[in-house]
Visitor: 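Please read through the structure below; I'll follow up with questions.
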Amino acid sequence: MNENTQQPKVVFVIFGATGDLAKRKLFPSIYNLYKKGNLSENFAVVGLARRPWTDETLRENVETSIRKATATEEELSDFTSHFYYQSFDVTDDATYDGLNKLIIDLEGKYETDGNRLFYLAMAPNFFGLIAKKLKEYGLKESAGWTRLIIEKPFGTNLATAKELNNEIREAFDEDQIYRIDHYLGKEMVQNIEVIRFANGIFEHLWNNQFISNIQITASEVLGVEDRARYYDQSGAARDMLQNHILQMVALLLMEPPIKLTTKEIRSEKIKVLRALRKINPDEVYKYFVRGQYDAGEINNQAVPSYREEHEDLAFSNTETFVAGRLLVDNYRWAGVPIYVRTGKRMAEKTISIVVQFRDLPMNLYYKSHKQRYPNLLRINIQPDAGVTLSINASKEGTGSLAEPIELTYNQNDVPGINTPEAYEKLLYDCTIGDATNFTHWDEVALSWEFVDPILETWAEKQPSFPNYKSGSMGPKAADELLEKDGFHWWDV
């Protein structure tokens, strides 16, 4: 443990403690913080859900979710002894009084200085109600700090997002609200700023004079799995474009902040989102492509179409793929297209960014115009986190003709680097009050302002679905989007 590491004291209160998110992400993340010394012994976790569990049931479930990471049975038992369960109905006022009493008891037992972190790992339609009740029953008033973590989706459009925000803001101030976007917890996403602002070789070239286009791909091999009902209400644009992808766009295109503080970084990201050119309804089909996967093959296994995944999806017009061409109207980026694509059941699982630099006006080292190899900076976020710079050089035996070679840094190959999971990093940031990698309301609102006209235009016309095979990289129209500008998607 770094001697400068803060070791917060806190009571975690997890609404939805019997759910998948708590089991897969939250319990292991809290354990890792504890194991690494990023959490003091002065902590407790209260799990809330409707099931009639006991403390012991919760502890057994926590054990199951973290067993692979543990060293000894004794260590496991020490950790899970900090967990407590309360059967809870968010609509029943009586349960809030009981919760308050339990938290006060635990604050006395674990000496947590009154610090409370409420995590809403459940359906968003309860967010406003829970926030209101936490205030009404005095749960947000304590001797320490109180913070609220909210999972996406934050609304389904700008109007519902505003409504939800107003409900939560009646109970909590903006600086107490932490809207989680787990992409912002990924090490290589946070590295975007460092790569840009700590390297003169890139920052001096990071503008429309030297960059021809930027490509962002977030593709999945999996289909909807057991999330069919949620996903069909959401679709790729709401699930990925409005939040994760636009956040990456903001980080890639923002101006250098005057200080590395939450306020200044957010301020620069918001400027990018404000400068995004809004899409007119009559231009949606020109600049955006939607798709839905058909049956196909992945890893030599036959997989069904989206509409065959579940009986509720038989006539669904929900998009499982979206690609778009974005433009940012500011001095630095005017005229540079930003291409984005995201989808399910695609050929590769990857989150990657490709920055394509402009070619020289006259390059004598190519055989022909068709064999040009532009310089590329690839930032791979997953699965192989790292950075690759493609440059031109002559290989042995090729005379003076240029061919691309790659300079690669692979984070997974560096001994001793144990990159924390995104949720682990974000939970820790919240406990120490660092909101840099969480989404401010202004970012949420501007993202919905951009996405809403696209969704509204799509809703007016029946799509020709399905329109791409499982195991492909999406509909042909997504390739044509770049071909019109003289570009192509780089291989991920």
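Here the structure is a predicted model, which is why all the values come from computation and not from measurement.
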Visitor: Would Lys140 pass as a cation-pi partner of Phe172, given that its NZ or CZ must be under 6.0 Å from the six-membered ring centre and within 45 degrees of the axis?
Guide: yes

Visitor: Do you see a donor-acceptor pair shorter than 3.5 Å between the side chains of Asp485 and Tyr339?
Guide: yes

Visitor: What residue pairs, at least two apart or across chains, pass ring pair (Phe, Tyr, Trp, His ring centres under 6.0 Å) with a residue in residues 234-274?
Guide: His182-His244, Tyr183-His244

Visitor: A cation-pi test, strictly: NZ or CZ of Lys461 under 6.0 Å from the centre of the six-membered ring of Tyr285 and no more than 45 degrees from its axis. Yes or no?
Guide: yes

Visitor: Just to verify, what does Gln242 make a side chain to side chain donor-acceptor pair (under 3.5 Å) with, not counting sequence neighbours?
Guide: none

Visitor: Below 4.0 angstrom, N of the basic side chain to O of the carboxylate: do Lys349 and Glu220 qualify?
Guide: no

Visitor: Only distances under 3.5 Å count here; give the side-chain donor-acceptor pairs of residues 350-358 to other protein atoms, sequence neighbours excluded, each with its distance to 0.1 Å.
Guide:
unit_1, atom_1, unit_2, atom_2, d
Thr350, OG1, Gln382, O, 3.3
Gln356, OE1, Asn213, ND2, 3.0
Gln356, OE1, Trp490, NE1, 2.7
Arg358, NE, Asn208, O, 3.0
Arg358, NH2, Asn208, O, 3.1

Visitor: Taking the cut-offs as 6.0 angstrom to the six-membered ring centre and 45 degrees off its axis, would you call Arg116 and Trp145 a cation-pi pair?
Guide: no

Visitor: Check this for me, if you would: do Arg169 and Asp173 make a salt bridge, where the nitrogen-to-carboxylate-oxygen distance has to be below 4.0 angstrom?
Guide: no

Visitor: Does the pair Arg332/Glu203 count as a salt bridge with the N-to-O cut at 4.0 Å?
Guide: yes

Visitor: Any carboxylate oxygen within less than 4.0 angstrom of a Lys/Arg side-chain nitrogen, looking at Lys152 and Asp239?
Guide: yes

Visitor: Less than 4.0 angstrom from a charged side-chain N to a carboxylate O is my criterion; do Lys132 and Glu167 meet it?
Guide: no

Visitor: Can a side-chain donor-acceptor contact be found between Tyr306 and Asp232 if the only test is distance below 3.5 angstrom?
Guide: yes

Visitor: Do Arg277 and Asp329 sit within salt-bridge range, that is, some charged N less than 4.0 Å from a carboxylate O?
Guide: yes

Visitor: Would you call Glu255-Lys269 a salt bridge at under 4.0 Å N-O?
Guide: no

Visitor: Less than 4.0 angstrom from a charged side-chain N to a carboxylate O is my criterion; do Lys271 and Glu268 meet it?
Guide: yes

Visitor: Between Phe154 and Arg179, is there a cation-pi geometry (under 6.0 Å to ring centre, at most 45° from the normal)?
Guide: yes

